[in-house]
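Taking it in order: structure first as structure tokens, then the write-up.
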Amino acid sequence: MASGGSSKAPVFLEKTSYRQRRMRDAARLLPIVGLILWMLPLTWSEVDGADGGFSSALIYIFGVWVVLIVLAAVFSRHVGRRPLDQIDGDGPS
């Protein structure tokens with residue numbers, strides 16, 4: 001048994017590398033989040049026969065679509081900043 005300490009030093013990621021990994025993780029979750037947000041209007045019910053339910057659902061769906069496009073652009077900008085010499089094998093070889 002080892003006494004008191006570990007022979008290996010703790011592993012720390014560089015701040016930029018850590019942030020890029022989290023941005024890639026968020027980018028991978030974006031389609032799932034988008035699908036869930038697009039399914040929300042299916043759960044809406046008409047309240048007191050009010051008109052405009054369909055139009056508000058369409059506005060919501062296109063609003064979510066625009067937000068997803070903007071978020072995808074932001075994620076791609078941040079992920080794309082990684083230099084080629086720092087590729088850690090996440091993609092196909």
Side-chain angles (χ1 to χ4, degrees):
M1 288 182 78
S3 62
S6 174
S7 62
K8 291 185 178 182
V11 177
F12 292 103
L13 296 174
E14 293 180 25
K15 195 178 228 182
T16 56
S17 174
Y18 177 79
R19 286 184 181 169
Q20 286 176 348
R21 287 174 189 259
R22 296 299 70 85
M23 291 296 278
R24 276 189 270 144
D25 292 342
R28 288 178 184 141
L29 286 176
L30 194 60
I32 297 167
V33 171
L35 182 64
I36 291 170
L37 288 175
W38 273 346
M39 292 176 119
L40 280 178
L42 296 175
T43 63
W44 296 349
S45 62
E46 286 187 37
V47 179
D48 298 328
D51 291 336
F54 183 72
S55 63
S56 63
L58 278 178
I59 291 169
Y60 172 81
I61 287 172
F62 281 106
V64 168
W65 184 42
V66 168
V67 169
L68 288 172
I69 291 170
V70 170
L71 286 175
V74 169
F75 290 151
S76 68
R77 259 187 179 273
H78 286 287
V79 171
R81 289 186 182 168
R82 184 173 58 165
L84 291 176
D85 59 346
Q86 292 182 358
I87 296 176
D88 56 355
D90 281 348
S93 348

How close do [X] and [Y] get, heavy atom to heavy atom, and via which atoms?
| X | Y | value |
| --- | --- | --- |
| A26 | F75 | CB-CZ, 3.7 Å |
| I61 | W38 | O-NE1, 3.3 Å |
| P41 | Y60 | CG-CD2, 3.4 Å |
| M23 | V74 | CE-O, 4.3 Å |

Check your understanding: Atom CG in L35, atom CG in L40: separation rounded to 0.5 Å?
Key -> 10.0 Å

Check your understanding: With sequence neighbours left out, what residues match I36 under side chain to side chain contact (heavy atoms under 4.5 Å, CB included)?
Key -> I32

Review point. Of all residues at least two apart in sequence or in a different chain, which pass the side chain to side chain contact (heavy atoms under 4.5 Å, CB included) check with P31?
Key: none

Check your understanding: Do the side chains of W44 and F62 join up, straight or via other hydrophobic residues, at under 4.5 Å, putting them in one cluster?
Key -> yes

Check your understanding: Considering only heavy atoms from C-beta outward, does the side chain of W65 approach that of I69 to under 4.5 Å?
Key ->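 Side-chain contact under 4.5 Å: yes.
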
